Student: 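Below is one structure. I have some questions about it.
Side-chain atoms are counted along with the backbone in the values below, which use heavy atoms only and exclude waters and symmetry mates. Since the model is a prediction, treat every value here as computed from it, not as a measurement.
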Amino acid sequence: MKKFLLFVLFLIGVFVCFFVFPDGAVATVISSGLFILTLLLIDRVFEAKTAEFLKKVVLIGMLLRILTALFIYAFELETAFGPDALTFDLAGRRIVDYYAGALDISAWGVEKALSFTDTGWGMNYFVAGFYYMSGANRLAIQFISCVFGTATIPAVYFCANKIFNNIRVAKYSALALALFPAMILWSSQMLKDGFILFFIVLSMACIIQLYQKFNILPVFLLLVSLFALYALRSYIFYMVAASIVGSFIVGAGRTSAAVGKRMAVLLVLVTAVGYFGFGSSGVETEGYSLARLQEYRYYQAEGGAITFGEDYDISTVEGTATLLPIGIVNILFAPFPWQMGNIRQAIIAPEMLVWWICIPFLISGIRYTLKHRLREAIPILTFSGMLTVAYALFQSNIGAAYRQRTQIQVFLFIFVAVGWTMYKENKENKDFTYQTKRKKIVTGF
């Protein structure tokens, strides 16, 4: 199977090189180099049997992402699926033209593209740097995003196996990430999502490793991941940083009860500091005041977008408290059937059905984790909890919620895998007990 998948990817690469020349050739060569590096790292990090499994899953994940990227590129569907790609393309071109002397700072869009305070400035400069070296090539950025999205698979496997010490849980987690449509869609475009997802999981893998044993390499990789997250989406950087601090403070508790109490206090403190800090005059900034965030929620509701809770005012405690449960439900489970307003949104209905079916396993997996693996799972629990609350309050657009849920869902899949593993093992135990009793009845032994 591995050879067949490699052969299919090779044929696709040849096709792209010849029929989308020269952009396709550049995209194929660069992404192939990065993908081969990913396979080599899998061989180095994991034992032989695990590496063979992961390479097969990674090849499937890469194939699905490349095909999706080509489909979107060939039919110019960026506006339909990820209009931010056109924004990054324009920003990259503006930066290149500015440093080449073709544009000055007064030209439209140049100052915004050059700004290090504008959200996502890291993506602007990444695109610009690539365009400067190889020319404007959106397909190449898409293919690189595919590689980063695929490289997240072994990182998730590493996290799941380290936390639960269970091969089944780790395998199911990796398969979910490789095959789930939302993970494929958002990591196959010229968007920040694929890169953000990779660096979130890599940072958590480093924290988990450092939590168990100190080593200089995880420290270095963690610092790289934190810088990348700060450049791509700064508020996620702060949440990961809080998870790092929380994992060591909360994990210092000697009993599960002590760990649980410390974690509850930490979440309350972080939420309170975030809420009152954003709104207080002492630290309020133009970009992150509660008033500005409320305006952002109203802005998302414009243009006929499918929204939730847009009438709630998060600048008041009452509005926040009322919106929070509604927001959490929508962030985790939307879009619901009544929220799918067109064919493009209805396409994801089968995916959502699968996700809703997974919810009982998610709940049982989280219950098991809180009871038996709380200390080990503190980093991902803290991060997932904070990001869920943040998006529940600051998002009001169903489409954006579906897209940004992947940053939480990547860890929720681990808990789903735990719940599914428990279900499978219980079923196997019952079948074994039944067969044993049946054998005794038939043979008399």
Side-chain angles (χ1 to χ4, degrees), residues 1-10 13 27-66 126 143-179 183-184 187 194-229 240 244 247 376-377 379-380 410-411 413-414 417:
M1 181 180 181
K2 187 174 70 174
K3 292 181 179 179
F4 173 74
L5 293 170
L6 282 169
F7 180 68
V8 173
L9 281 171
F10 173 76
T28 300
V29 170
I30 293 175
S31 60
S32 296
L34 291 172
F35 185 61
I36 291 171
L37 178 62
T38 302
L39 296 177
L40 292 174
L41 286 172
I42 289 174
D43 276 327
R44 184 174 180 83
V45 173
F46 300 95
E47 62 178 17
K49 188 176 180 180
T50 300
E52 284 302 305
F53 166 79
L54 282 174
K55 283 189 285 187
K56 290 178 183 177
V57 177
V58 162
L59 284 166
I60 294 171
M62 186 64 177
L63 178 60
L64 293 173
R65 283 159 175 78
I66 289 293
F126 169 69
F143 277 13
I144 294 172
S145 178
C146 290
V147 176
F148 273 80
T150 304
T152 310
I153 296 169
V156 164
Y157 181 100
F158 180 88
C159 291
N161 195 38
K162 281 287 184 180
I163 294 171
F164 295 98
N165 195 28
N166 187 296
I167 299 298
R168 272 188 172 182
V169 170
K171 285 185 174 182
Y172 292 147
S173 302
L175 285 168
L177 187 61
L179 302 176
M183 298 296 174
I184 296 169
S187 61
F195 301 100
I196 290 172
L197 204 62
F198 172 77
F199 286 114
I200 288 174
V201 178
L202 180 60
S203 63
M204 291 297 153
C206 292
I207 295 169
I208 292 168
Q209 180 65 27
L210 289 170
Y211 192 62
Q212 297 179 354
K213 182 181 178 181
F214 180 82
N215 194 297
I216 194 65
L217 181 59
V219 173
F220 172 74
L221 293 176
L222 179 58
L223 292 175
V224 171
S225 299
L226 288 173
F227 175 77
L229 290 172
V240 173
I244 296 172
S247 64
E376 294 84 354
I380 64 173
V410 66
F411 297 118
F413 280 140
I414 296 177

Student: Taking the six-membered ring of Y157 as reference, does the NZ or CZ atom of K171 fall below 6.0 Å from its centre and within a 45° cone about the axis?
Tutor: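 K171 over Y157 ring: no.
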Student: So if I apply the ring pair (Phe, Tyr, Trp, His ring centres under 6.0 Å) rule between F148 and each of F198, F126, F143, which one comes out positive?
Tutor: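 Among the candidates, only F198 passes.
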Student: Atom CG of L197 and atom CE of M183: how far apart are they, to the nearest 0.5 Å?
Tutor: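 Going from the CG atom of L197 to the CE atom of M183 covers 5.5 Å.
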Student: Measuring from atom CZ of F4 to atom CG of L6, what distance do you get when rounded to the nearest 0.5 angstrom?
Tutor: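 Atom-to-atom, F4:CZ and L6:CG are 11.0 Å apart.
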Student: Could you check whether any side-chain heavy atom of F158 comes within less than 4.5 Å of a side-chain heavy atom of I163, counting everything from C-beta outward?
Tutor: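 No, every pair of side-chain atoms sits at 4.5 Å or beyond.
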Student: I'd like to know if E52 pairs up with K55 as an ion pair, taking the criterion as any Lys NZ or Arg NE/NH1/NH2 lying under 4.0 Å from an Asp or Glu carboxylate oxygen.
Tutor: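 Salt bridge between E52 and K55, a charged N being under 4.0 Å from a carboxylate O: yes.
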Student: Would you indicate whether the side-chain heavy atoms of M62 and V147 approach each other to under 4.5 Å?
Tutor: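 Yes, their side chains come closer than 4.5 Å.
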Student: When rounded to the nearest 0.5 angstrom, what is the spacing between CD1 in I380 and CD1 in I414?
Tutor: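 Those atoms lie 4.5 Å apart.
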Student: Please report the C-alpha distance between V219 and C206 in whole Å, then the side-chain angles of each, then the deciding distance to 0.1 Å, and finally whether the side-chain contact (heavy atoms from CB on, under 4.5 Å) criterion is met.
Tutor: CA-CA 7 Å; V219 173; C206 292; over 6 Å; no
Student: Quick one: closest heavy-atom pair of L64 and A178, and the distance?
Tutor: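 Looking at all heavy atoms of both residues, the shortest contact is CD1-O, 4.0 Å.
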Student: Provide the closest heavy-atom pair for G149 versus S187 in the form atom of the first, atom of the second, distance.
Tutor: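 In this case the closest contact between G149 and S187 is CA-CB, 3.8 Å.
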Student: Could you check if a side-chain atom of I144 sits within less than 4.5 angstrom of a side-chain atom of F195, using non-hydrogen atoms only?
Tutor: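 Touching, per the 4.5 Å side-chain cut-off.
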Student: About how many Å separate CZ of F220 and OG of S225, when rounded to the nearest 0.5 Å?
Tutor: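 Interatomic distance, S225 OG to F220 CZ, rounded to 0.5 Å: 9.5 Å.
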Student: Quick one: does any side-chain atom of N166 pair with a main-chain N or O of V169 as donor and acceptor, under 3.5 Å?
Tutor: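 Indeed, once roles are kept as given, a pair shorter than 3.5 Å links the two residues.
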Student: For E376 and I208, run side-chain contact (heavy atoms from CB on, under 4.5 Å): C-alpha distance rounded to whole Å, both residues' side-chain angles, the deciding distance at 0.1 Å, then the answer.
Tutor: CA-CA 7 Å; E376 294 84 354; I208 292 168; over 6 Å; no
Student: Please test T38 against T150 for side-chain contact (heavy atoms from CB on, under 4.5 Å), starting from the C-alpha separation and ending with a verdict.
Tutor: CA-CA 9 Å; T38 302; T150 304; 5.7 Å; no
Student: How far apart are the closest heavy atoms of I184 and L179, and which atoms are they?
Tutor: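 It is CD1-O, 3.6 Å.
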Student: With side chains defined as the heavy atoms from C-beta onward, is the minimum distance between V58 and P154 less than 4.5 Å?
Tutor: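 Yes. Closest side-chain heavy atoms under 4.5 Å.
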Student: Please round to the nearest 0.5 Å and tell me the distance separating atom SG of C146 and atom CG of L34.
Tutor: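 Atom-to-atom, C146:SG and L34:CG are 11.5 Å apart.
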Student: Where the side chain of R65 meets the backbone of S145, is there a donor-acceptor pair that is under 3.5 Å apart?
Tutor: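 It does not hold such a pair.
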Student: Of all heavy-atom pairs between I200 and L229, which one has the smallest distance, and what is that distance?
Tutor: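 Shortest heavy-atom contact: CG1-CD2, 3.8 Å.
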Student: For I153, which of V57, I42, L175 qualifies under side chain to side chain contact (heavy atoms under 4.5 Å, CB included)?
Tutor: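 It is V57, the one option of V57, I42, L175 that forms the side chain to side chain contact (heavy atoms under 4.5 Å, CB included) with I153.
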Student: Going through the checks in order, is the side-chain contact (heavy atoms from CB on, under 4.5 Å) test met by F411 and V201?
Tutor: CA-CA 8 Å; F411 297 118; V201 178; 4.2 Å; yes
Student: Can a donor-acceptor pair be found, under 3.5 Å and without considering hydrogens, that links the side chain of T50 to the backbone of F46?
Tutor: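 No; zero donor-acceptor contacts below 3.5 Å.
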Student: So which atom in C159 and which in M204 form the shortest heavy-atom distance, rounded to 0.1 Å?
Tutor: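 Closest pair (atom of C159, atom of M204, distance): SG-C, 4.2 Å.
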Student: How far does CD1 of I207 sit from OH of Y211, to the nearest 0.5 angstrom?
Tutor: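 The OH atom of Y211 is 11.5 Å from CD1 of I207, to the nearest 0.5 Å.
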